[in-house]
Amino acid sequence: MYTFLRILVTAVLAAFLFFLWGLLPASVTAAALSAAAGGYPLVNIAAAAAFVLLLWILAAPPLCGLLRNVRFALFTRNKIRKQIRSRQRSLVNWLLSRPAHWGITGSASEPQYANTCEGLLALRGTGFYEKKRESYRGALQVLTEAVLPTGLPSRTVNRPTVINTAMLLCLIAEEKKNPSGVIDSYDLYDEIASSLWFLHAEDGWGPLILRAEKKECRLVNTWWALRALYQYGFLERPEEGDAFRQLLTGIYEKNRGGTFGYSASDAPRLTVTAMYLLLYYDLPRRIREEIDKDYDPRAAAAFIYRRFVTEKCQVEVESIDGTYAGGTFIAHTPWKHIASAYAMQALAAARRNRDLSGSKMADVYRRTSNILTQDLRSPAVGENCYLPSDIELPRTGPYTFAAAHLILGLQTLL
């Protein structure tokens, strides 16, 4: 399609310019042709071919890009946004129709607290919790009943983890702004937030609610903890504010450039790079200016664009072998990250902050439309679940967390 458009643009432009050339007096055109060869007449066909080739190389590509952008702005974007709204509603319907709020897969009868948090964050982040208030309140009640004095446990390891606890605190921070009526007192959660902060190490947090050694610190765990504590207001606290800022900026300083891996020594990953670009844009300008000494948001956006749009990455798997806690080895299964959802959020933020071009943002919409066309399944009328092409389908049904994350990702494109 692009090649045909380029041929058409070149032909139309050449015809128009040759038409203008024909309107010039014969004496002018003859003199120009003669002068171009130092007094020797040029062969008209060769001159015309060379001129058309120049148009093909120099003029057609930018004009094709302009035409594509105009067509996208006038017609395609609104069409894709309608598709996004429709699919987002059907994903919410599927998620809320599951028997537990929410297990790891659609047919699970018992909730996994991480998946419950992800579902609630999706409802909060999109505003659907207002329309689905009873479902939201019921799921949040499940979490509050499971909270321990040290945090929110994981049913996999049967003890509080950093990610579960951080996701819970993100929800509590939203509850403080706009209560749903489930939580009567925030004292316990304030204490959990303080405990989470004081457990950080120089390189962040490990998987469990324990002070982690350097080798156990992971950048995904650390991102969730930083995000939760930032939303909880730690950057503005008189006692913890400076230390929190130093830890936050230090994480960016240790990972110079724009990309992040699962650990400081890991290869760049789409999920983690998108996470830290999102966090960067959320921060106050004074903090961003300090981070800018070591961090390049444009490079981060370019990497995310390449992995998501060009290489079509939707899922990344973080391999965690396990960790020792109190002399006991805690095994972890690989953590599947819905990279597509983080990419949508990060690239939309990059576009708002002028770190991504309009033409590339149009490509993000087109890639998203392809995902909604190819990777969603409809098990019932008005419902859709998300089955990324690069993730296995469990025997017990599609993953609930995939739908929850995609719901959030789509929200940023509306």
May I ask you to decide if [Y]'s main-chain N or O and [X]'s side chain share a donor-acceptor pair within less than 3.5 Å?
X	Y	answer
Tyr230	Asp282	yes
Thr249	Gln246	yes
Ser195	Glu191	yes
Tyr252	Tyr276	yes
Thr368	Val364	yes
Trp223	Val272	no
Arg351	Leu356	yes
Asn93	Gly382	yes
Glu175	Ser180	yes
Asn164	Pro153	yes

Does [X] pair with [Y] as a salt bridge, N-O distance under 4.0 Å?
X	Y	value
Asp363	Arg366	yes
Arg218	Asp266	no
Glu318	Arg269	no
Arg286	Glu236	yes

A quick test of your reading: do over 12 heavy atoms of other residues, nucleotides or ligands sit less than 6.0 Å from [atom1] of [X]?
X	atom1	answer
Glu202	CD	no
Glu311	CD	yes
Lys131	NZ	no
Asn178	CG	yes

Kindly compute the distance separating [atom1] ([X]) from [atom2] ([Y]), expressed to the nearest 0.5 Å.
X	Y	atom1	atom2	value
Ser265	Lys215	OG	NZ	13.0 Å
Leu248	Glu253	CG	CD	12.0 Å
Thr271	Tyr262	OG1	OH	5.0 Å
Ile183	Gln141	CD1	CD	9.0 Å
Asn221	Leu208	CG	CG	9.0 Å
Ile209	Ile192	CD1	CD1	8.5 Å

Could you tell me whether the side chain of [Y] reaches within less than 4.5 Å of the side chain of [X], counting heavy atoms only?
X	Y	result
Leu152	Pro160	no
Trp197	Leu247	yes
Asp375	Leu387	no
Trp335	Ile163	yes
Ser389	Gln374	no
Leu121	Met167	yes
Ile371	Phe308	yes
Leu123	Leu95	no

Can [X] and [Y] be counted as having a side-chain donor-acceptor contact under 3.5 angstrom?
X	Y	answer
Glu392	Tyr399	yes
Thr400	Gln112	no
Glu174	Tyr129	no
Thr396	Thr105	yes
Tyr232	Asp190	yes
Arg124	Tyr136	yes

Nearest heavy atoms of [X] and [Y], plus distance in Å:
X	Y	answer
Leu199	Trp205	C-NE1, 4.1 Å
Leu277	Ala350	CD2-CB, 4.4 Å
Thr273	Gly258	CG2-O, 3.4 Å
Arg298	Arg354	NH2-O, 2.9 Å
Asp390	Val315	OD2-N, 3.2 Å
Leu120	Ala139	CD2-CB, 3.6 Å

Original post:
For Gln83 and Thr373, what are the C-alpha separation, side-chain angles and deciding distance, and is it a side-chain hydrogen bond (donor to acceptor under 3.5 Å, both in side chains)?
Top reply: CA-CA 9 Å; Gln83 181 190 25; Thr373 301; 3.2 Å; yes

**OP:** May I have the step-by-step check of side chain to side chain contact (heavy atoms under 4.5 Å, CB included) for Lys254 and Asp203, ending in yes or no?
**Re:** CA-CA 9 Å; Lys254 292 172 185 174; Asp203 293 287; 3.4 Å; yes

Original post:
Is Arg237 close enough and on-axis enough to Phe234, meaning under 6.0 Å and within 45°, for cation-pi?
Top reply: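 Here Arg237 passes the 6.0 Å and 45° test against Phe234.
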
Solution key, residues 403-414 side-chain donor-acceptor pairs under 3.5 Å, sequence neighbours excluded:
unit_1 : atom_1 : unit_2 : atom_2 : d
His405 : NE2    : Glu118 : OE2    : 3.1
Gln411 : OE1    : Gln88  : NE2    : 2.9
Thr412 : OG1    : Gly409 : O      : 2.7

Original post:
Where do Tyr113 and Leu143 land on the side chain to side chain contact (heavy atoms under 4.5 Å, CB included) test, with the steps shown first?
Top reply: CA-CA 7 Å; Tyr113 300 135; Leu143 287 185; 4.1 Å; yes

Original post:
Only one of Asp355, Asp292, Asn353 clears side-chain hydrogen bond (donor to acceptor under 3.5 Å, both in side chains) with Tyr280; which?
Top reply: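 The single option meeting the side-chain hydrogen bond (donor to acceptor under 3.5 Å, both in side chains) with Tyr280 is Asp292.
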
**OP:** Please assess Tyr342 against Ile304 for the test side chain to side chain contact (heavy atoms under 4.5 Å, CB included), listing each intermediate value before the final yes or no.
**Re:** CA-CA 9 Å; Tyr342 288 107; Ile304 297 165; over 6 Å; no

